[in-house]
Structure formats: C-alpha cells, structure tokens
2 protein chains.
Amino acid sequence: MFKTAKFNRISQNIVQQIRQAILKGDLQPGHRLPPEKELAENFGVSKASLREAFRALEALGLLEVRQGVSGGAFICEVDLETARNNIVNYIFFQNPSIREFTQLRIILEPAISRLAAVQATDEQLADIEDNLKESKMELDSGSFSYELDIDFHRRIADMTDNSLIHLVIDSMQSALVNIKKLIEPDYDFSLMVYHAHMRIFDALCSRDPEKAAGEMLRHVKEVGDGLTAFCDPKNLCASSSKKN
Amino acid sequence: MFKTAKFNRISQNIVQQIRQAILKGDLQPGHRLPPEKELAENFGVSKASLREAFRALEALGLLEVRQGVSGGAFICEVDLETARNNIVNYIFFQNPSIREFTQLRIILEPAISRLAAVQATDEQLADIEDNLKESKMELDSGSFSYELDIDFHRRIADMTDNSLIHLVIDSMQSALVNIKKLIEPDYDFSLMVYHAHMRIFDALCSRDPEKAAGEMLRHVKEVGDGLTAFCDPKNLCASSSKKN
DNA sequence: AAATATTAAAACATCTGATGTTTTAATGTT
DNA sequence: AACATTAAAACATCAGATGTTTTAATATTT
C-alpha cells in the first residue's frame, strides 16, 4: 500500500530538504549556506553527515562547495553538462539500438530544421559556417572528431531558441557518440556526413524550411543506415573486438 | 588554454574512477564493491572520503549502499526516476515557457501517436482504456490528478517500444506538471483534456495513424492555448486564440 | 519436520575532534 | 601604485570510537 521509505539516512534527509527549498524558490542560485560547523548545528547533525549531503548535492549540480576564506557552499543552477551526463548514464544502461536513435531523430531533427530555417539569425548561420570550415579542415587532415558533428546539430537546435529542444538534441547526440566510438566510422562515412551538413546549411541559408527538413531527414536516415551497415555484416550484438 | 581542473577532491576522484569503470563495463549492475574499510585501504583514503564518494554515486543512481550483514555497496543501473529528477532539476532553472513546451510537444507527440497507432498491442490499448476509466472516475468525483494525465502520454510513448522516446516524453510531462501545479487548471480544462484523450484513444483503436496524429496535435495545441490563457489574466474572459 | 524465536556478526551510520590545505582579504613594503 | 606577506576563514582529510541495521546461523518449540 505504501512505498517503503527507503532512505533514513541523515545525509539523504538533508539533501531532500535543500532540494525542496531550491524548488520552492527559498534558496536561489548564488546563495551561500552557513559554514559547515554552523549548518551542522542547525540541522543537529555531525559535520561528516552534512558533508555527505553536500557531496550528493554537488553530484546533482545543485551545489558548489569552495574552499578558502570567502568560500563555502553555494547554491547553483544545474548546468547542461550535469544534466547531459545524467541522461547519458541512464541511456548507457538502456543500451538503445541505432534504430531507436534514428527513429527519434527522424521525428525531431527535420522538424527542428524546419523551424531553424525560419528563425535563424545571420550570426547563427555564420557559426554553422565556421563549424563546417573546421570540419573540412579536419576531414582534409584525415581525422573527424565527433565534437564538431555534435556541435553542428546542437547549433541548429539552438536556432529554435528553445531550451528543451536544446537539451534533448544535445543529450541524444552525446549518447549517440558512445555508439559511434564503438563503430569507428571510416573516412567515406565522415565525408558523407560533411556533404549532408553542407546541403543542410545551404537550405538554411536560403531560408527554405521544407528543403532544410528534407535534407535533414535524408541525413539522419543516411547516418542510421550507415551505422547499421557498419554493425551488421559480422557483429550481431556482443561486446567486442571485431576487427575486419 | 586548458580547463582549470576543478575538482581535486578525493571523493570526486573516486567517483570518476568508479563511473568510468562502469561505463567501460568493468563494473556491472549487481556487482558488490569490497567493504568500506577494505576499499578505503585500496584507494589509500579515509573511510570518510570514501563515504562521500558513495553518497555522490548514489545521487547519480549508479550505486546503492545497504546496511546489514549481507549489505555493502552495489553497482546499479540508473533508473528512470533518477534520470527524470535530474532532467526536471535542469529544466526548473531553464524555466521554459509554455510556448517552448508546446513547440517540442507538437513535434514529438503527434509523430509518436502515428507510430503508436501502428505498433500498439491490444494489451497496451487496454491499459490506455484503464487509464481513461480512472480519469473519468476522478473527473466525476471533481478532482483530476496530473499522474493520470502524465500516464496517458507515457503509455502512448511506450507503444513505440523506444526507450529514448519514453525518457523524453516522461521527463517533459514531469517538468510540465510543475507549470500545471502553478496554474491549477479548472474543471472545464480537465474535461477538455479527457475528451481529447478519448478521441486519441479511438484513433489508436481504429489503427488510424493520421487520425491519431491529428487528434494528438489538436490536443497539444489546445492544452498549450489553455495553459497560456490561464497564465495571462487578460485572456481569462476572451476565449479566442491569439497569434503573436 | 516445520515453524518460530534467538543470537551473533558483518557491514554500514554517525559522531567527535584533531590536523592539514586552500583561498583571499587585509596588511605591509617597495 | 605595484607587489609581497600574512593571517584567518572555511573547507578537506583522517583516525577512531560507538551505534544501528540486517540477516545468516542457531536454537527452540510445536
């Protein structure tokens, strides 16, 4: 009938109190909590227990503890990196297939490109162009980092000026990298990606929503098929050292 | 040039080592770490520092520490609740507008419904029907919980059998609840939601992807407009939709 | 033999207090 | 004004003592 109250730990209790205070708005980013000794007395707990709570709150991205004379425990906004890492941790265990990634991307990315083609500022388009130039350089030098690839998609997501869309795309791209690292796409794959990015960029520049969406859809499908092809021939699912 | 190495803390170092071991596959869910005393000696640190690391790992959902004779520190899969809470924390600070939520939902939910209409099993459809019956009862009794509303959308997301889609919908719905709690929609609003859910359910049952997508789109827009109207006092009386 | 009660030990939870380190505001010096 | 020094605030870490929880093992009862 009732959920068994799992955590009777003092530190957990403190974490919940502080998190609730933040969510209620009583504690805001930048706010400094009292010194350890004093706060421990307030809570009626030992310094050690309080410090355990601090470590948990830091892991959640809600607190930052700094040493030094004007240091202390400061409430923080949860940053994108923290949120992304937590999502990546979760997705790691779900171990979704390329098909699942592609299915979600097909839904999201063309629609986002459609919005981007309308809303993008010239400055944002210039940023994309920079990204493509860097990609070109990397490609010519024989390498291709995932960072630039992620960044391309993230910047398009940025054009929607929607923090939710930004978070979702950023997290999915980051999680997808873990798959790409296993697969280690070759030069031809990277070249294909580059060309697709170029076509998408052109569509955005010409402010053509349907073309942008269409090119993005093609790109996402191509990448999905490409990655699947890399997986398919020999290796079915296992972990491993498959060397061709 | 280089990022200032932020965390020199012993506990943070341990957290990173253990997280990496998990992500590399060296530590798997269910694995029990050595007892505190022994592990502290392995790491060459004090028990207190090790315990701080444990608290952080627990906050991340990667570890569970249990007391008792066959207790200890066990590696866990990150569960949905942990991931969702972290996402909700992040979104809390981003404080996205109803417009942003609606924009993302318009992209996602109709497309998901389209897939669901094709893929749903009869059992899954029956689950939705249960959800609607419960909603009806709540409605008749004058209340309307957000849980059932979230659950309706989550179950449709489930029909895609895609863990990424499930995570995104689940998290967005949970974050959206925080807005709804502020707004406290009235009975008419809840009734409108119920009717929309019924129409979507019918479309799913008749295995009509386009109808399902269409009804879902209408629903998401309706809710977006409704919530916006509740936010803006000027719009409380006028029921016309405003375009900006 | 099965069910129930008891016990003991493993492992974590918490507290206390001592000592070390980092950071910076305040102060002093050139 | 620029630079160097210092002192104190606040956290970081450690060691050890004591308490609590949980359950496997044992004993007892039915």
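Values below: all heavy atoms of this structure, side chains included; hydrogens, waters and symmetry mates excluded.
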List the atom pairs, donor and acceptor, that lie under 3.5 Å between side-chain atoms in residues 29-38 of chain B and the rest of the protein, sequence neighbours left out.
unit_1	atom_1	unit_2	atom_2	d
B:R32	NH1	B:G71	O	2.8
B:E36	OE2	B:R51	NH1	2.7
B:K37	NZ	B:E41	OE2	3.4

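One atom, CZ of A:F54, and another, C1' of D:dA12, lie 13 Å apart when rounded to the nearest Å. Taking atom CD of A:E64 as the reference point, atom P of D:dA12 lies 11 Å away to the nearest angstrom. For the pair A:L39 CG and D:dA10 P, the interatomic distance rounds to 13 Å; values are reported in whole Å. If you measure from atom CG of B:N13 to atom P of D:dA12, you get 15 Å, rounded to the nearest angstrom.
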**Request:** Indicate for each nucleotide in nucleotides 14-19 of chain C, in 5' to 3' sequence, whether protein heavy atoms under 4.0 Å reach the base (B), only the sugar-phosphate (S), or nothing (-).
**Result:** BBB-B-
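Using a 4.0 Å cut-off between charged nitrogen and carboxylate oxygen, B:D158 and B:R154 do not count as a salt-bridge pair. Ion pairing between B:R9 and A:E58 holds under the 4.0 Å rule for side-chain N and carboxylate O. A salt bridge does not link A:E81 with A:R84: every distance from a Lys NZ or Arg NE/NH1/NH2 to an Asp or Glu carboxylate oxygen is 4.0 Å or more.
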Just the atom pairs and distances: protein N or O near nucleotides 7-10 of chain C's N or O, under 3.5 Å.
unit_1	atom_1	unit_2	atom_2	d
C:dA10	N3	B:V69	N	3.4

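More than 12 non-hydrogen atoms from other residues, nucleotides or ligands lie less than 6.0 angstrom from CG of B:N85.
Residues passing the side chain to side chain contact (heavy atoms under 4.5 Å, CB included) test with B:N89, sequence neighbours excluded: A:R19, A:L23, A:L62, A:V78, B:N86. In this structure, A:S70 has no side chain to side chain contact (heavy atoms under 4.5 Å, CB included) partners at least two apart in sequence or on a different chain.
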**Prompt:** Given the rule in the side-chain contact (heavy atoms from CB on, under 4.5 Å) test, do A:N13 and A:I10 qualify, once you have shown the distances and angles that lead to the verdict?
**Reply:** CA-CA 5 Å; A:N13 184 301; A:I10 284 179; 5.5 Å; no
**Request:** Check the pair B:I169, B:E109 against side-chain contact (heavy atoms from CB on, under 4.5 Å), reporting the backbone distance first and the verdict last.
**Result:** CA-CA 8 Å; B:I169 291 297; B:E109 306 229 30; 4.0 Å; yes
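Aromatic ring pairs are classed by plane angle as parallel below 30°, tilted from 30° to 60° and perpendicular above 60°; the pair A:H153 and A:H197 is perpendicular.
The overall bend of the helix from C:dA1-D:dT30 to C:dT30-D:dA1, read as the angle between its terminal helix axes built from five base pairs each, is 10° when rounded to 10 degrees.
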